[in-house]
2 protein chains.
Amino acid sequence: MPKELISRLEKFVTLTEADRRAVDSTFRHRRTTSAGRDVIQELGHADGVVVITEGFAGQFRVRDDGRRQIVAFFHPGDLIHFGSLAAENAVFGVTAFTPTVTSSIDVDGFLSLTTSSQSLARAFWHMAIEQLSIAREWLVDLGLGSAQQRLAHLFCEQHYRLEEIGRAAAGMVRLPLSQRDLGDTIGITNVHVNRTLQELRSAGLLSFDGIDLQIFDLKKLRQIAKFDPQYLQWRKLG
Amino acid sequence: MPKELISRLEKFVTLTEADRRAVDSTFRHRRTTSAGRDVIQELGHADGVVVITEGFAGQFRVRDDGRRQIVAFFHPGDLIHFGSLAAENAVFGVTAFTPTVTSSIDVDGFLSLTTSSQSLARAFWHMAIEQLSIAREWLVDLGLGSAQQRLAHLFCEQHYRLEEIGRAAAGMVRLPLSQRDLGDTIGITNVHVNRTLQELRSAGLLSFDGIDLQIFDLKKLRQIAKFDPQYLQWRKLG
DNA sequence: CGCGTGATTGACACGCTTCAACGTATGTGG
DNA sequence: CCACATACGTTGAAGCGTGTCAATCACGCG
């Protein structure tokens with residue numbers, strides 16, 4: 001089933017046919033979630049290691065006062081949850097921005113998978129470390145960037161990641177996020193997102209309508225964003 | 001050597017004597033770094049998986065304009081680098097706030113270690129996921145918190161983590177950070193850190209002199225910080 | 001057609017930054 | 001032992017980026 005996962009793993013290592021079959025036969029529990037629903041409930045009991053195979057989802061926390069912070073975006077092939085490998089309950093929820101398909105595996109099965117093949121172990125480690133790397137890059141962004149810079153950085157990263165998995169065409173990517181969603185990600189209000197978007201638009205850098213993002217001047221946008229994709233690049237190993 | 005690492009691993013799983021010996025014999029390359037120096041060079045070539053066994057260090061990025069963002073703090077037992085498990089070069093540096101001792105292991109050795117024992121695999125996975133969890137908690141903090149709340153949160157987390165490894169006594173922990181360091185962590189200027197510290201101090205919540213942090217009213221501080229240690233708590237497995 | 005959700009705009013308020021000055025402690029070389 | 005340098009902490013005043021509040025607009029849907 002999860003060919004999206006397999007091709008992601010092969011970003012990091014070369015898999016044998018046996019590796020591929022092993023992944024294919026263990027990630028079984030398939031589930032679909034419609035847009036607007038939660039794939040993982042915040043504070044809900046969530047077991048297993050979960051991968052997203054189709055759709056677009058975001059990891060978030062909601063505070064008592066209703067304010068929300070999005071801490072990650074997930075595209076096909078991304079691991080969205082590490083189940084009871086980690087805590088009993090999920091401390092972050094995951095919501096589906098589009099209809100989403102996920103596959104999961106229980107933790108013991110996951111550990112068997114990674115102990116049976118060093119290639120798989122290495123590949124899954126890479127995937128986790130990549131997420132850590134992305135989260136820390138976001139920290140740099142939130143800590144040092146202006147609203148404009150943060151928004152540009154977000155767009156650059158999503159564009160890069162979507163292109164990497166073959167979902168970008170001529171600078172165009174699908175990014176179905178409201179201005180509120182964007183604000184909840186980069187830590188500013190939806191009102192200010194609106195104004196900041198207008199700046200980027202009127203500078204001729206991009207167009208964005210809440211669904212599709214079209215980048216006209218990638219080089220300049222990356223400059224504004226101080227976006228250097230090194231944190232998303234890895235050497236592939238045997 | 002790395003008994004700090006072993007006791008950290010045992011936060012997550014019960015290790016066998018063989019597991020302990022395996023860890024003990026593989027993490028060998030011992031290195032010391034004096035305060036103020038970098039344990040890992042930003043953009044430098046850095047191989048191996050590295051654990052800190054003594055001291056206090058921070059992971060950071062410095063931008064062209066000289067501004068710095070600290071993205072993680074490391075205490076004894078923490079993994080501070082995943083070497084070529086990840087990218088060729090480190091995209092974040094790690095600097096020593098106190099004299100620091102680290103042990104490292106080459107990546108192949110690390111993978112052998114984790115494929116040889118499911119307990120060890122599970123424990124190391126937990127350690128990585130815990131770091132991911134912390135990074136995302138920081139994102140929530142930076143995205144939603146005021147200066148006061150962020151500073152309080154930082155203090156609460158460091159206190160919790162230090163207490164966990166037996167380095168807190170009666171609300172007192174060693175935290176040798178300048179006001180600039182604090183600001184570079186929570187994304188505000190050193191000037192504003194100063195003012196914010198005064199608020200917390202004059203509210204009778206804590207005292208801090210750049211070296212020692214003494215918390216007088218943990219409950220109220222956590223309330224201000226909206227600090228819930230759940231993201232640092234894990235169930236221990238056989 | 002009427003409603004709800006999201007986008008847009010304007011006016012005003014405020015938290016934090018910036019800049020600059022000054023204090024204090026520590027260390028160093030003459 | 002003093003002169004000086006350096007690093008960090010503290011304080012004040014002014015400016016700016018972003019938040020807040022509120023109104024209006026645009027669109028899709030039942």
Side-chain angles (χ1 to χ4, degrees), chain A residues 34-37 58 63 65-70 95 97-98 141-155 175-203 206-214 224-225, chain B residues 34-37 58 63 65-70 95-98 141-155 175-203 206-214 224:
Chain A
S34 50
R37 294 299 187 78
R63 288 237 173 115
D65 58 9
R67 296 205 301 152
R68 177 181 64 157
Q69 178 67 33
I70 294 174
T95 192
F97 294 115
T98 68
D141 209 45
L142 285 188
L144 298 180
S146 64
Q148 192 186 65
Q149 205 249 79
R150 292 187 215 177
L151 189 56
H153 192 279
L154 173 57
F155 284 153
L175 203 66
L177 295 172
S178 70
Q179 294 184 1
R180 181 173 299 277
D181 295 330
L182 292 173
D184 289 352
T185 308
I186 60 177
I188 65 179
T189 59
N190 57 337
V191 176
H192 201 62
V193 168
N194 186 288
R195 296 194 248 255
T196 308
L197 259 177
Q198 288 177 47
E199 290 172 24
L200 296 175
R201 271 198 281 250
S202 64
L206 53 81
S207 72
F208 177 69
D209 60 3
I211 299 174
D212 288 308
L213 168 68
Q214 165 85 331
I224 288 173
Chain B
S34 50
R37 293 300 185 82
R63 287 235 173 118
D65 58 9
R67 295 206 300 152
R68 176 181 66 156
Q69 177 66 35
I70 294 173
T95 191
F97 293 114
T98 69
D141 209 46
L142 285 188
L144 298 179
S146 66
Q148 193 186 64
Q149 205 248 81
R150 293 187 215 174
L151 189 56
H153 192 278
L154 172 57
F155 285 152
L175 203 67
L177 295 171
S178 70
Q179 294 184 0
R180 179 171 300 275
D181 295 330
L182 293 173
D184 289 351
T185 307
I186 60 179
I188 64 178
T189 58
N190 57 334
V191 175
H192 201 61
V193 168
N194 185 288
R195 297 193 245 255
T196 307
L197 259 177
Q198 287 178 47
E199 290 172 26
L200 295 176
R201 270 197 282 248
S202 64
L206 53 81
S207 73
F208 178 69
D209 61 2
I211 298 173
D212 288 308
L213 168 68
Q214 165 86 331
I224 289 174

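Convention: sequence-line order gives letters A, B, ...; per-chain numbering from 1. All values below come from the heavy atoms of this structure, side chains included, with hydrogens, waters and symmetry mates left out. This is a predicted model, so every value here is computed, not measured.
- In this structure, Asp65(A) atom CG and dG19(D) atom P are separated by 14 Å, rounded to whole Å.
- Put simply, Gln148(B) has no side-chain N or O that comes within less than 4.0 Å of OP1 or OP2 on dC16(C).
- Closest to the Ile188(B) side chain, of the nucleotides dT9(C), dT10(D), dT17(C), is dT17(C).
- Comparing dC16(C), dT8(C), dG9(D) by their nearest atom to the side chain of Gln179(A) picks out dT8(C).
- The separation between Phe208(A) atom CZ and dT8(C) atom P is 10 Å, rounded to whole Å.
- A donor-acceptor pair under 3.5 Å links the side-chain atoms of Arg150(B) to the main chain of Ile186(B), judged by distance alone.
- Between Arg63(B) and Asp65(B) there is no salt bridge, since no side-chain nitrogen of the basic residue lies less than 4.0 Å from a carboxylate oxygen of the acidic one.
- Rounded to an integer number of Å, the gap from CZ of Arg150(A) to C1' of dG17(D) is 11 Å.
- Between the side chains of Gln179(A) and Asn194(A), at least one donor N or O sits under 3.5 Å from an acceptor N or O.
- When heavy atoms are screened at a 4.0 angstrom cut-off, Gly187(A) is found touching the sugar-phosphate backbone but no base atom.
- Comparing atom distances between the Val191(A) side chain and each of dT18(D), dG10(C), dA20(C) picks out dG10(C) as nearest.
- Taking 4.0 angstrom as the limit, Arg201(A) places a side-chain polar atom (N or O) nearer than this to OP1 or OP2 of dT8(C).
- Arg67(A) comes within contact range of no nucleotide atom at all, as no heavy-atom separation falls under 4.0 Å.
- Contact annotation for Ser178(B): backbone-only contact, meaning every heavy-atom pair under 4.0 Å involves sugar-phosphate atoms and none involves a base.
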| Criterion side-chain contact (heavy atoms from CB on, under 4.5 Å) on Ile211(A) and Leu175(A), from CA distance to verdict | CA-CA 5 Å; Ile211(A) 299 174; Leu175(A) 203 66; over 6 Å; no
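- Listed pair Asn194(B) / dG9(D) fails the phosphate criterion, with no side-chain N or O lying under 4.0 Å from OP1 or OP2.
- Comparing dC16(C), dT8(C), dG19(D) by their nearest atom to the side chain of Arg195(A) picks out dG19(D).
- Atom-to-atom, CG of Asp209(B) to P of dC8(D) comes out at 14 Å; the value is rounded to the nearest Å.
- Closest approach of Thr95(A) and Gly36(A) over heavy atoms only: OG1-O, 4.1 Å.
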